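Values reported hereafter were calculated over all heavy atoms of this structure, with side chains retained and with hydrogens, waters and symmetry mates removed. In this text the structure is predicted, and so the values were computed from the model without any measurement.
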Amino acid sequence: MPELPEVETIVRVLEQRVVRDRVESVWIGSRPQPLKSPAAAIARTLEGKRIVDVHRTGKYIVFELGPSGHAERKRSSKTGKGTAQWVVHLGMTGRIVICSPGAELAKHTHLIARLASGRELRFVDPRMFGRVSVHAGGFDPGGVEPLEISERSFVELFRGRKTPIKSALLNQKLVRGVGNIYADESLFRAGIRPRRRAAAVTRQEFGSLYRSVRAVLREAIKLGGSSVSDYVDADGEEGLFQMRHRVYAREGEPCLVCGTAIRRVVLAGRSSHFCPKCQK
DNA sequence: ATACCGACCTGTCAGC
DNA sequence: TGCTGACAGGTCGGTA
């Protein structure tokens, strides 16, 4: 479910709700699939630690954890860097829920962090494609942030690649955070078909794609992401950007620009939507 | 390198 | 009502 705008929306809520709070104890469910680090390591790393910062990198949520001691806390809160990181990837159906301890336990709850404030952070994920891990001293998934990179560096990333441009956009080792929805929406705005080889995209089209990717992501963040079937943020609020989708999940419907029926093809195993007239 | 495919999982919906 | 198959925001590993 969550691509960059959805994860960014969730992180903004978490910043408001849990920064400066402390993890008192952790409960971890019995399913091993969502755990990328051993359960014991996750529990040991979280328990007793203060959450000094929450941020997003690509589609990952990163909780910066600091010691709970007073002097250490002062130092950590100054740098915004913790001594350890709790990292959550939501996969397709993962959710972070902030709730009270009495709230009903959702099916597929895999981890609960009980906070000193009396609330709980719960990680819920029916399909179990999401992953939870802990790291000491830095977490870097590779790739660059599309909203932080220059146009020149963006073009450099893709130049000469023989892979379809959409596959390149989805490759998190290049640009991180763009998923299936925003790849389709960006390519539509840039007028480029998903199957075009990156090497066959002109410099001018790359400029257009760079601006489209950033505009789409920024607009989506402003609207709280896209709620296609079940995405909600950490407060349970739905996003609104699905109202602005121009091609995603609109197969057979008229293109909003020219009226031609939107087509759907499968590329690298993913549904890909485009307007055969507007996109070359 | 690259591209295609299945695997990993559960839930939902359409069609019969 | 219930079965079957297709499909779903993501990523990884194998194979040609």
Would you tell me if any nitrogen or oxygen in the side chain of [X] comes within less than 4.0 Å of OP1 or OP2 on [N]?
X	N	result
A/Lys59	C/dT11	yes
A/Arg31	B/dT10	yes
A/His89	C/dG10	no
A/Thr93	B/dG11	no

So if I take every side-chain heavy atom of [X] and compare against [options], which nucleotide ends up nearest?
X	options	answer
A/Phe129	B/dC9, B/dG11, C/dA8	B/dC9
A/His108	B/dC9, C/dT11, B/dT10	B/dT10
A/Gln172	C/dC7, C/dT11, B/dC9	C/dT11

Q.
Just to be sure I understand the rule, does A/Tyr248 reach a base, reach only the sugar-phosphate, or reach nothing, if contact means heavy atoms closer than 4.0 Å?
A.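 Sugar-phosphate: the residue A/Tyr248, judged by heavy atoms under 4.0 Å, touches backbone atoms but no base.
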Q. Which of parallel (below 30°), tilted (30 to 60°) and perpendicular (above 60°) describes A/Tyr248 and A/His245?
A.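 Ring orientation, 0 to 90° scale: perpendicular.
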Q) So, are A/Lys222 and A/Glu219 salt-bridged, with charged N and O less than 4.0 Å apart? A)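 No, A/Lys222 and A/Glu219 are not salt-bridged.
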Q | Gap in Å between the two P atoms, one belonging to B/dC5 and one to C/dC7, rounded | A |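 Comparing P positions in B/dC5 and C/dC7 gives a spacing of 13 Å.
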Could you list the protein-to-nucleotides 2-4 of chain B atom pairs, N/O on both sides, closer than 3.5 Å?
| unit_1 | atom_1 | unit_2 | atom_2 | d |
| --- | --- | --- | --- | --- |
| B/dT2 | OP2 | A/Arg161 | NH1 | 3.4 |
| B/dA3 | OP1 | A/Lys162 | O | 2.7 |
| B/dA3 | OP1 | A/Thr163 | N | 3.0 |
| B/dA3 | OP1 | A/Arg197 | NH1 | 3.4 |
| B/dA3 | OP2 | A/Thr163 | OG1 | 2.4 |

Q) How many angstroms lie between atom CD of A/Glu47 and atom CZ of A/Arg22, to the nearest 0.5 angstrom? A)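 Interatomic distance, A/Glu47 CD to A/Arg22 CZ, rounded to 0.5 Å: 11.0 Å.
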**Q.** 5' priority, DNA chain C, between A/Arg127 and A/Lys173 [closest heavy atom]
**A.**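 This one resolves to A/Arg127.
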Q. Separation of A/Met92 atom CE from B/dT12 atom C1', in whole Å?
A.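 Going from A/Met92 (CE) to B/dT12 (C1'), I get 13 Å.
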Q. So what stems show up for DNA chain B if we need 3 or more Watson-Crick or G-U pairs in a row, all under 3.5 Å?
A.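 The stems that DNA chain B takes part in, listed by first number, are B:2-8 with C:10-16, B:10-16 with C:2-8.
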